[in-house]
Amino acid sequence: METKQNYFTQRVIKLILSVPKGKVATYGLIAKLAGNPRGSRAVGWILHSSTHKYNLPWQRIIKSDGRLSFVAGSTKFLSQCKKLDAEGVLVINGRVDLKKYLWNKSRSI
DNA sequence: CGCGTGACTCAGG
DNA sequence: TCCTGAGCCACGC
């Protein structure tokens, strides 16, 4: 593999690929599990940079408050909304109920 | 090695 | 609930 990136980046990608369908994760959670509790911004950058290469389920990654990261009404926003809905994740006014859909690695059913 | 950028998060008001 | 400022991290140039 041409993975010349940092361990953190690789870990983030793997973590994102581990998020089950019908569940969502936050940038902060991914960053924390990857080893950098404060690397949330980096997670966003990694997604933006590697989604096309690794075909990551970017729609499952949202902000810590349960809202989508994109501007409401934008093309990407609607696209994410549609994908999540197709997976069974209910999105209301650009918000997701983290209490129901947040992925807990410790609880992975 | 420094600087700007970005799909973030937290603390206050 | 919404807005603002400060902090953090990886990447490209």
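Protein chains get the first letters and strands the later ones, always in sequence-line order, with residue 1 at the start of each. The structure displayed is predicted, hence computed values, not measured ones.
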C1' atoms of B/dC1 and C/dC13, separation to the nearest Å = 12 Å
Atom CZ of A/F8 and atom P of C/dC8: how far apart are they, to the nearest Å?
-> 15 Å
Is the closest side-chain heavy-atom distance between A/V24 and A/L84 below 4.5 Å?
-> yes
Is there a side-chain polar atom (N or O) of A/N36 under 4.0 Å from OP1 or OP2 of C/dA10?
-> yes
Taking OH from A/Y27 and P from C/dA10, how many angstroms apart are they, rounded to a whole number?
-> 17 Å
Just to confirm, is there a sub-4.0 Å distance from OP1 or OP2 of C/dC9 to any side-chain nitrogen or oxygen of A/N6?
-> no
To the nearest Å, how far apart are A/W45 CH2 and C/dC9 C1'?
-> 12 Å
Considering only side-chain heavy atoms of A/R67, which listed nucleotide, C/dC2, B/dA7, C/dC8, is closest?
-> C/dC2
C/dC3 C1' sits how many Å from A/K63 NZ, rounded?
-> 12 Å
Return the value, rounded to whole Å, for the distance between atom CD1 of A/I30 and atom P of B/dC8.
-> 14 Å
Establish, with yes or no, whether the OP1 or OP2 oxygen of C/dC9 is under 4.0 angstrom from a side-chain nitrogen or oxygen of A/S40.
-> no
Side chain A/S74, main chain A/V71, donor-acceptor under 3.5 Å | yes
Has A/N55 got more than 12 heavy atoms of other residues, nucleotides or ligands less than 6.0 Å from its CG?
-> no
Would you find a donor on one side and an acceptor on the other, under 3.5 Å apart, between the side chain of A/K14 and the backbone of A/T9?
-> no
Rounded off to whole Å, could you give me the NZ-to-C1' distance for the A/K32 and B/dC10 pair?
-> 14 Å
Give a yes or no on whether the backbone of A/K99 and the side-chain of A/D97 come within a donor-acceptor separation of less than 3.5 Å.
-> yes
Does C/dT1 have OP1 or OP2 sitting under 4.0 Å from an N or O in the side chain of A/R95?
-> yes
Heavy-atom donor-acceptor pair, A/Q59 side chain to A/K83 backbone, under 3.5 Å | no
Would you say B/dC10 has OP1 or OP2 under 4.0 Å from some side-chain N or O of A/S64?
-> yes
Donor-acceptor contact present, side-chain A/S79 to main-chain A/T75, <3.5 Å = no
Between C/dC11 (P) and A/K53 (NZ): distance, integer Å | 10 Å
Which of the following nucleotides, C/dC8, C/dC2, B/dA7, is nearest to the side chain of A/W58?
-> B/dA7
Close approaches to DNA chain C from residues 81-93 of chain A, in residue order (heavy atom, under 4.0 Å) = none
Nucleotide of C/dC2, B/dA7, C/dC8 approaching A/R41 most closely (side-chain heavy atoms) = C/dC8
Let me know the distance between CD1 of A/I46 and P of C/dA10, rounded to the nearest Å.
-> 8 Å
